[in-house]
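We name chains A, B, ... by the order of the sequence lines, and we start the count at 1 in each one.
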There are 2 protein chains.
Amino acid sequence: MVTIRDIAERAGVSVATVSRTLHAPEAVRPDKRSRVQQAIADLNYAPNAIARQLRKRRHETLIVIVPEIANPFFSGIIQSIENIAHDLGYRVLIGETQDRQDRLDHYADMVLSRAAGGLILLGSLLPSAVTASMADQRAIPFPLVLACERFEGLPCPSVAIDNQAAAALAVRHLWETGCRRIGTIAGPQSNSLGRDRLNGYRKALSDLGVNLECGWMEEGDFSIESGHAAMMRLLGSGGNLDGVFCANDEMAIGALQAIRSSGLTTPGDIALIGFDDLRFGAFATPPLTTIRQPTGELGETAMRMLDALLQGGVVDHRPVLLAHELVERQSTKQRVDN
Amino acid sequence: MVTIRDIAERAGVSVATVSRTLHAPEAVRPDKRSRVQQAIADLNYAPNAIARQLRKRRHETLIVIVPEIANPFFSGIIQSIENIAHDLGYRVLIGETQDRQDRLDHYADMVLSRAAGGLILLGSLLPSAVTASMADQRAIPFPLVLACERFEGLPCPSVAIDNQAAAALAVRHLWETGCRRIGTIAGPQSNSLGRDRLNGYRKALSDLGVNLECGWMEEGDFSIESGHAAMMRLLGSGGNLDGVFCANDEMAIGALQAIRSSGLTTPGDIALIGFDDLRFGAFATPPLTTIRQPTGELGETAMRMLDALLQGGVVDHRPVLLAHELVERQSTKQRVDN
DNA sequence: TCCATTTTTGTAATCGTTATCATTTCACAT
DNA sequence: ATGTGAAATGATAACGATTACAAAAATGGA
């Protein structure tokens, strides 16, 4: 491996001069500077980032953790994180956990051992180092920002939307467009997203004075397939629904097909509303009405929070809630406005 | 920051003993070992990975580069890469380029500067360090494996399917199910995937003795939206098509909607076949006939190649071609078998 | 008890940078 | 020429781990 010492030798200068040509070229005289640059080119030298980091104790590498990259919802968030990160001089790497604690801990170890500077967590799992610190009432052991999910009482900055309110909005929309027997395909209840959205559904119904009848609720795991299966169960359970709120778009896409394959139509027989505003939802048959989360803003806010944390600033631990939005397409009946 | 020296001091031993308790506990006497472990727990010590890497010159971090994580096709590949990588003791991070050279080079720099051990490249862009080395007839400057795309004459291991043959298979399938005027929505011609699939289309037509008429071909950029737009152009160009081969599933999903919104049906009026076998394609209306790539095998092969490279082995530079498969669903007419 | 082995331990060099500080070189005025 | 201050350079100590190698301690047999 070619090191700074090899360059120094070949250029007939000291290692300090080489280092300076690299980081403050104006501080070294042009003749030496060009000799050094020549040597660097000749030997194809690239400074060893490991050694430099050891010396500088600064980290330009951040990690964004997602449960699964296959989920297109995360991509918008990640993209905006990356854009901001880039501007702020960081490098972003993405880690996928597949909801496995060991994988997550593996990535957390990178931060614990200073191979990376900080973590943005998009999933519903917490690194065990964080859980442990909570249990011991200690501070969180590294720069951490939470996005999308909510963790009660975790002392770190977080950003999300008000999932419960957004879910309630979706249900109200179904009601306002004429649905009277509104069911739901809920997300996994192990996770705050799933719980909040189900609570929103419940709250909206009770605000509307509707009783949640048995056979109106099924649970999925946010996948297309689970949405399909849950819809089949709803259809079979005699709930006699005319509208269904799905806790995300992927399950709604599965549900859509279940409805059609049962010989029913959307929105004619059963209206459907999803959550997340996936690109694929807009091109489903019929195009899916949904709740849009401000993915760009979500990512940007999270990234700026992490930057503030890394700059040593103290960041407010109260969750930042961003605005959501109803996107009306053809899977719900049209509102009669006037 | 708490270092190994702090632990040594608190436990009343030397740093060597601490290091040994960490990596070869059986080599240190139980009493000291437990004193050290106690000190580690007390001070919440985590060894500095940077320092260790500098000393050990080994890399357990690999980078997988994708053009955009939003593309669900890549997720299957990445997942299998991660599974194998994990078993082999590597840590995988994902970098997204959004087809921008500067981003790609940024990740390549991490390998060049030894912040990571190697690269698996899934996109159509090459790091400039690699292009430069090719131009100078030098060897590629770091462990690199290519998956999915093909680069003529690049001396490094690669794995893919035979895109041209697969595209030809798709076109033949349309023919065999009765289509006689077969158009295509091609991928970007800047990229080998797009080119190979278009060549396959051309070759299949000429093998079938069909003349490619004007108005049968439009180009998209692999996105849903571009597929929609391209299909609208095809419909307007008077090519009078009864079947269309789309160079990927996302464009096919866009095309599907364009056809429907024009009052036509699939496969009745126009049959459609895609490429990649996305999950969303299986749940489209109608479910999409497509070509499946063996994503799992693709990822596994790439990862094993990179491991071999990192182990210092010499790996064959001839591209490894894996088998593809036709997945018949309802967007093409049913074959009359007998 | 004492010597020869075998285990355990500690000291110090090393990895490739950066940064401090002392030293040398330079430009310029006298 | 010479003195001065500024600019450029070099030697070297960090950064925090790992690991030869040497030294010390423990073990065991006589």
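Once you apply a 4.0 Å limit to the heavy atoms of chain A, the touched nucleotides of DNA chain C run 5' to 3' over C:dG16 to C:dC26. You can see that DNA chain D meets the heavy atoms of chain A within a 4.0 Å-exclusive cut from D:dA8 to D:dG16, reading 5' to 3'.
Counting only residues at least two apart or in different chains, ring pair (Phe, Tyr, Trp, His ring centres under 6.0 Å) contacts with residues 297-318 of chain A are absent.
A distance-only check finds no donor-acceptor pair linking the side chain of A:Gln37 to the backbone of A:Lys32 [under 3.5 Å]. A donor-acceptor pair is defined here as one N or O able to donate and one able to accept, closer than 3.5 Å; such a pair exists between the side chain of A:Asp105 and the backbone of A:Ser128. Although no hydrogens or angles enter the test, the distance criterion places a donor-acceptor pair under 3.5 Å between the side chain of B:Asp6 and the main chain of B:Thr3. With hydrogens and angles ignored, the 3.5 Å screen pairs no side-chain donor or acceptor of A:Arg91 with any backbone N or O of A:Glu60. Formation of a donor-acceptor pair under 3.5 Å by the B:Arg33 side chain with backbone atoms of B:Pro25 is found in this model. Put simply, the side chain of A:Ser158 never gets that close to the backbone of A:Leu146: no donor and acceptor are under 3.5 Å apart. A donor-acceptor pair is defined here as one N or O able to donate and one able to accept, closer than 3.5 Å; such a pair exists between the side chain of B:Gln101 and the backbone of B:Leu126.
Looking at residues two or more places apart in sequence or on another chain, you find a side chain to side chain contact (heavy atoms under 4.5 Å, CB included) between A:Arg10 and A:Ala39, A:Asp42, A:Leu43.
Judged purely by distance below 3.5 Å, without hydrogens or angles, the side chains of B:Gln79 and B:Asn83 never pair a donor atom with an acceptor atom.
Summary of helix geometry: the two end axes of the helix from C:dT1-D:dA30 to C:dT30-D:dA1, each defined by five base pairs via their C1' atoms, are inclined to each other by 50° (rounded to 10°).
Nearer to the 5' terminus of DNA chain C, by closest-nucleotide assignment, is the contact made by B:Arg5 (compared with the other of B:Arg5 and A:Val18).
Contact of the A:Ile94 side chain with the A:Glu82 side chain is registered, since non-hydrogen atoms from C-beta on lie closer than 4.5 Å.
Each of B:Val314, B:Ile140, B:Val315 was evaluated against B:Leu309; a single residue qualifies, B:Val315, per the side chain to side chain contact (heavy atoms under 4.5 Å, CB included) test.
Electrostatic pairing of A:Arg304 and A:Glu300 counts as a salt bridge here, judged by a charged N lying under 4.0 Å from a carboxylate O.
Counting non-hydrogen atoms under 4.0 angstrom, A:Val13 reaches the backbone sugars and phosphates but no base. Contacts of B:Ser19 with the nucleic acid, taken as non-hydrogen atoms under 4.0 Å apart, include base atoms.
Applying a 4.0 Å cut-off to non-hydrogen atoms, the residues of residues 24-52 of chain B that approach DNA chain C are B:Val28, B:Arg29, B:Lys32, listed by residue number.
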